[in-house]
Amino acid sequence: MRSINWLENRFEHIYRTYFTDLEAPNQIEIKWGRRSRRQLGCIKKERPKSITDHFKKDFKTIIVINGLFKDEAIPEYVIDAVIVHEMAHYAHGFNSPLPQKYSKPHTGNVIRREFLLRGIGDLERQQQKWMKENWQKYLDEKFPNKRKPKVKYRIIWK
Ligand SMILES: [Zn+2]
């Protein structure tokens, strides 16, 4: 199983390789989240501990990665692409102190454009291909839904 240390190193690597232009004005923490069939990752602000914290500009940003991705059966590039996806939100000013570039986080093709801009369009394509071809099977084997939903899984991009 992949450790938190592994995830932090992966994040460092991606940040240093693909986001060299981006100087983060606040602290970014990455962590494993709960296991999820649909949500691959998300980016959020650390919950304020007090009212004064609530108005602070130097909040911490937290990137949460699906706990199922601790499993080494999931290719590394799948997780890489999720980290890039969340960092794209960060660069666009969502849950980060940077100026917000768009009205909504997934307006148009802003995330795809970010992958292309950074020369890693292939990474996103590879990830989506793997998810399409393997994710349902993986869930059926490793994390079956006991409530047996009638609808197929749908990925929610957060
Ligand atoms: Zn998203």
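Indexing begins at 1, ligand by ligand and atom by atom, following the structure's order.
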Residue pairs passing the side chain to side chain donor-acceptor pair (under 3.5 Å) test with at least one member in residues 91-105, sequence neighbours excluded, are H92-E114
Protein-derived N, O or S atoms lying less than 2.8 Å from the Zn ion (ligand 1), waters not counted, sum to 4
Contacts of Y77 meeting ring-ring contact (aromatic ring centres under 6.0 Å, His included) (sequence neighbours excluded), chain-then-number -> none
Applying side chain to side chain donor-acceptor pair (under 3.5 Å) to R47 and not counting sequence neighbours gives none
Notebook entry, point to check: Does D21 come within less than 4.0 Å of R118, counting only side-chain N to carboxylate O?
Noted result: yes
Original post:
Counting heavy atoms not belonging to E23, are there more than 12 under 6.0 Å from its CD?
Top reply: no
- Does the cation-pi check pass for R37 over F143, that is, NZ or CZ under 6.0 Å from the six-membered ring centre and within 45° of its axis? yes
